[in-house]
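To start, the structure itself, in structure tokens.
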Amino acid sequence: MSQAKRIEPDPPIRDPRDSEHLDVWGFADSGFALTPNGEVTFTGDRYPISGKVMPDFLPWARETLDSPLAADDVHESHYPTPIPERVANAAFETELAAGLRAEQIESDPRVRLRHGHGHTQEEMWAIKYGRVTRVPDLVVSPESDAQVRAIVALAQRHRVCLIPYGGGTNVTEALRCPRDERRCIVSVDMRRMNRVLWIDPENRTACIEAGANGREIAEVLARNGYTIGHEPDSYEFSTLGGWVATHASGMKKNRYGNIEDIVLGVTAVTSSGDLARDAAPARESVGGDPARWLFGSEGRLGIVTRAVVKVRPLPEVQKHGSVIFSDLETGFAFVRDVQRAGIVPASIRLMDNLQFQFGQALKPRKQGFAVWKSRLEKFFVTRVKGLAVDRMVACTLLFEGTRAEVAAQERAVYRIAARHRGIKGGAENGQRGYALTFAIAYIRDFMMHHHVLAESFETAVPWSQCVAMIQNVKQRLWQEHAKRGLPGKPFVSARVTQLYETGVCVYFYFAFYARGVEHASEVYAELERAAREEILRSGGSLSHHHGVGKLRQRFLPAIFSPAALAWREGLKRAVDPDDVFGCAN
Ligand SMILES: Cc1cc2nc3c(=O)[nH]c(=O)nc-3n(C[C@H](O)[C@H](O)[C@H](O)COP(=O)(O)OP(=O)(O)OC[C@H]3O[C@@H](n4cnc5c(N)ncnc54)[C@H](O)[C@@H]3O)c2cc1C
């Protein structure tokens with residue numbers, strides 16, 4: 001049988017400037033900051049807003065949150081919080097050291113602390129203002145499947161607990177170490193296994209190591225003319241293994257699919273043997289395929305070491321767009337009609353009014369002609385077209401494909417928009433909105449520094465229940481905030497991000513000013529749980545793509561029958577009888 005000719009690409013290019021913050025989100029050279037005259041700016045030069053001053057942001061945020069947000073109103077971080085005594089396992093460590101280079105084994109407290117958390121509000125609060133009860137005792141960085149296999153075998157022999165680590169970007173406390181784990185906990189950092197092993201142009205597949213992050217995968221594939229198309233907002237740091245383990249979804253899923261649509265075959269190392277299959281049939285009717293168990297396994301079954309994925313040639317054309325509608329209901333009817341017409345752009349995201357305002361407030365200072373242009377646009381939208389500034393919503397669009405495909409999509413989508421009296425907001429605003437999500441990831445840490453706690457959480461909901469669910473969740477959070485007499489006004493905003501035939505994914509953004517609130521982080525967590533209760537009560541799902549981790553575990557009985565929960569446990573015991581992967585997710 002002849003095998004299609006494969007490309008074996010060079011490794012990803014590492015840029016020394018790409019080092020990451022340990023105590024806040026993102027690249028070390030990037031983040032929101034205050035200028036000497038108290039305006040907001042963004043450091044570095046990676047993003048469109050880098051180096052720009054955004055004079056409207058603080059006044060808008062002060063009014064919206066009814067809080068001071070002043071230069072001298074800061075909550076100084078005590079990072080790094082002290083970590084508990086290390087639990088050693090001398091026999092394991094001796095054998096480990098015999099098989100790996102010294103620099104593959106790390107016990108530095110800050111590195112261990114970083115490997116013991118993701119990016120939930122509670123975790124980020126704990127490392128700066130609180131305490132962590134347990135962190136990994138060691139971090140190991142394997143460089144091959146054989147090394148992963150050896151680490152798992154050693155862990156099993158010496159009763160060590162392993163927790164796989166990808167990019168550490170999860171938002172479900174999936175990496176938080178179980179408080180009562182008495183064994184030595186070892187974080188297995190997969191990031192050195194970051195190569196695209198091969199690309200098969202004929203069959204449009206690629207085999208990629210699990211520790212490769214989205215940025216590395218995009219760079220290597222693009223160098224060879226391809227794309228994976230999976231682009232979660234965290235893709236600069238999150239990894240292929242993490243995407244599989246959390247059952248992730250990207251911004252361009254309408255064109256490329258979710259991770260389960262993109263991945264054809266998974267290779268994993270478990271304590272009861274390997275799951276090794278690089279075969280990637282287009283479809284296979286075998287039932288009970290163990291590879292599928294890995295989706296959403298959150299590190300509790302084994303370590304994904306690589307996967308065969310679908311790739312596509314880089315799109316000939318990539319075009320942004322945006323449309324403004326009078327209110328959420330109208331914007332919602334527009335996205336529903338786009339879905340029903342069956343011509344959905346790679347990305348289509350509908351922001352509610354508050355989020356639209358948020359995006360406007362983050363616009364850089366304009367000069368010269370741009371000031372007049374902006375005033376004219378505003379005049380046209382509000383005076384000529386009569387849209388209310390406190391009701392209008394915006395939809396950002398990203399079209400990808402061949403020139404003909406994109407032209408057809410644009411025609412169809414803008415025709416539907418016109419039926420809903422949508423006003424074209426232009427490509428520049430669409431691109432800004434799309435790119436802003438990467439920069440916005442940094443804002444939570446900036447706000448936390450100014451006593452504001454914030455988080456986003458997602459759900460999937462049927463079309464028929466979406467608008468009501470959004471209203472119910474907003475109302476519930478306002479009520480819970482008022483009931484506790486919390487300071488200021490809560491910020492609760494929603495965004496429709498992914499479309500399906502039967503429903504949509506909705507993100508909520510929730511923030512409040514917490515200065516003087518006792519146990520503020522726990523209070524926030526209580527409110528987030530109330531929101532989740534309301535989501536479930538209003539027809540939403542437990543998760544759309546963030547997963548369950550430890551954060552949402554308490555809600556599992558609300559969605560699974562006792563028998564279904566027992567099957568899950570039975571599977572875990574069968575695959576990992578000694579609980580080597582004892583992350584307790
Ligand atoms: C700003 C921001 C934006 C985000 N946007 C999105 C988004 O658009 N879409 C989305 O789906 N998610 C999003 N997330 C959530 C997060 O990025 C995803 O859950 C991501 O898939 C986690 O990948 P990771 O490599 O960082 O995994 P980690 O956080 O390191 O780990 C997550 C879980 O997976 C396990 N794991 C990691 N690697 C492996 C492996 N090789 N084998 C077995 N288990 C493993 C870990 O043990 C842990 O249980 C976002 C998060 C943030 C902070």
Side-chain angles (χ1 to χ4, degrees), residues 20 24-26 114-121 123-124 136 142 145 148 152 161-177 185-194 208-214 216-217 230-253 258-260 266-270 275 293-307 347 349 437-445 454-458 495 497-498 505 507 509 543-551 576 581-585:
E20 278 177 58
V24 290
W25 174 260
R114 175 61 191 97
H115 283 73
H117 69 85
H119 276 273
T120 64
Q121 177 280 127
E123 290 168 306
M124 297 311 284
D145 281 41
V148 173
V152 173
C161 169
L162 299 181
I163 301 186
Y165 181 94
T169 68
N170 75 85
V171 280
T172 56
E173 298 180 3
L175 291 172
R176 184 162 61 71
C177 298
I185 300 179
V186 175
S187 174
V188 184
D189 186 326
M190 295 298 291
R191 288 178 297 178
R192 290 190 187 187
M193 293 179 61
N194 67 345
I208 304 175
E209 287 186 309
N213 65 39
E216 291 165 332
I217 295 171
H230 184 71
E231 211 170 271
D233 287 344
S234 59
Y235 95 107
E236 295 164 297
F237 307 101
S238 56
T239 62
L240 175 60
W243 300 337
V244 171
T246 59
H247 218 165
S249 171
M251 288 191 265
K252 299 196 289 197
K253 86 98 200 140
N258 288 316
I259 195 66
E260 68 275 17
V266 182
T267 296
V269 176
T270 78
L275 183 78
W293 303 343
L294 271 313
F295 289 96
S297 57
E298 297 183 334
R300 73 197 286 261
L301 296 182
I303 302 181
V304 176
T305 57
R306 61 175 189 266
S347 168
R349 305 210 275 191
T437 55
F438 297 114
I440 281 181
Y442 291 83
I443 210 158
R444 204 261 307 276
D445 297 298
E455 181 79 288
S456 68
F457 38 88
E458 36 60 76
R495 175 161 78 177
T497 55
Q498 273 105 331
C505 168
Y507 261 88
Y509 293 80
S543 163
H544 170 263
H545 56 261
H546 283 166
V548 176
K550 294 170 194 75
L551 191 70
D576 185 30
F581 294 95
C583 56
N585 291 328

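Start at 1 with the first residue, then count along the sequence. Scope of the values below: all heavy atoms of this structure, side chains included, with no hydrogens, waters or symmetry mates. Start at 1 and go down the list; that is how both ligands and their atoms are numbered. Owing to the predicted nature of the structure, the values given are computational and were not obtained by experimental measurement.
Using cut-offs of 30° and 60° for the angle between ring planes, the H247 and F295 rings count as tilted. Below 30°, between 30° and 60°, or above 60°: for H115 and Y165 the angle between ring planes is between 30° and 60°, a tilted geometry.
Both cation-pi conditions hold for R495 and Y507: the charged atom is under 6.0 angstrom from the six-membered ring centre and inside a 45 degree cone around its axis.
When all heavy atoms are compared, the tightest approach of P142 to M190 is CG-SD, 4.0 Å.
Between S249 and the choices E458, Q498, E260, the side chain to side chain donor-acceptor pair (under 3.5 Å) rule is met once, by Q498. Shown are N213, I259, V304; of these, the side-chain contact (heavy atoms from CB on, under 4.5 Å) with W243 is made only by I259.
Protein heavy atom closest to atom 7 (C) of ligand 1, with residue, atom name and distance, is P232 CB, 3.3 Å. For atom 8 (O) of ligand 1, the closest non-hydrogen atom on the protein side is D233 N, 2.9 Å. At the shortest separation from atom 19 (O) of ligand 1 among protein heavy atoms lies T246 OG1, 3.3 Å. Nearest protein heavy-atom neighbour of atom 22 (C) of ligand 1: T169 OG1, 3.3 Å. Shortest contact from atom 42 (N) of ligand 1 to any protein heavy atom: V304 N, 2.8 Å. Shortest contact from atom 43 (C) of ligand 1 to any protein heavy atom: G302 O, 3.3 Å. The protein heavy-atom contact nearest to atom 12 (N) of ligand 1 is H545 CD2, 3.6 Å. If you check which protein heavy atom lies closest to atom 38 (N) of ligand 1, you get G242 N, 3.5 Å.
Nearest to atom 50 (C) of ligand 1 by heavy atom, out of S187, A248, S234, is S234. Compare G118, G547, A245 by their heavy atoms: the one nearest to atom 45 (C) of ligand 1 is in A245. By heavy-atom distance, the residue among G168, G296, G167, P164 lying nearest atom 47 (O) of ligand 1 is P164.
Near I303, meaning under 4.0 Å from one of its heavy atoms, ligand 1 places the atoms 42 (N), 43 (C). Interface atoms of ligand 1 facing T239, defined by a heavy-atom separation under 4.0 Å, are 24 (P), 25 (O). The ligand atoms of ligand 1 that sit less than 4.0 angstrom from a heavy atom of A441 are 1 (C). In the vicinity of N585, heavy-atom distances shorter than 4.0 Å reach the ligand 1 atoms 49 (O). Atoms of ligand 1 lying under 4.0 Å from any heavy atom of W243, numbered from 1 in the order shown and given with element: 21 (O). Close approach to E298 involves these atoms of ligand 1, each under 4.0 Å from a residue heavy atom: 49 (O). Atom numbering of ligand 1 starts at 1 in the shown order; those under 4.0 Å from a heavy atom of G299 are 35 (C), 44 (N), 47 (O), 49 (O).
Between L175 and ligand 1, no N or O atom pair is found at a separation short of 3.5 Å. Taking distance alone, with nitrogen or oxygen atoms compared against 3.5 Å, S238 stays at or beyond that limit from ligand 1. An N or O contact shorter than 3.5 Å is missing between W25 and ligand 1 by distance. Note: an N/O pair closer than 3.5 Å links S249 and ligand 1 by distance alone. Looking at ligand 1, you won't find any N or O of H119 less than 3.5 Å from one of its N or O atoms. Considering backbone and side-chain atoms together, E231 places no N or O closer than 3.5 Å to any N or O of ligand 1.
The main-chain N or O of A454 is found under 3.5 Å from a side-chain atom of R444 such that the two form a donor-acceptor pair. No donor-acceptor distance shorter than 3.5 angstrom exists from the side chain of R306 to the backbone of T267, with no hydrogens or angles considered. Looking only at distances, no side-chain donor or acceptor of S234 sits under 3.5 Å from a matching main-chain atom of F237. Using a distance-only test at 3.5 Å, with no hydrogens or angles considered, a donor-acceptor pair links the side chain of T120 to the main chain of E123. Checking side-chain atoms of R114 against main-chain N and O of H117 turns up a donor-acceptor pair under 3.5 Å.
Heavy-atom distances between Y507 and ligand 1 reach below 4.0 Å in at least one pair. Residue S456 places no heavy atom under 4.0 Å from ligand 1.
Between Y235 and F438, the distance from one ring center to the other falls under 6.0 angstrom.
A salt bridge links D233 to R349: at least one charged side-chain nitrogen sits closer than 4.0 Å to a carboxylate oxygen. Using a 4.0 Å cut-off between a side-chain N of Lys or Arg and a carboxylate O of Asp or Glu, E231 and K252 qualify as a salt bridge. Using a cutoff of 4.0 Å between basic side-chain nitrogens and carboxylate oxygens, E20 and R191 are scored as salt-bridged.
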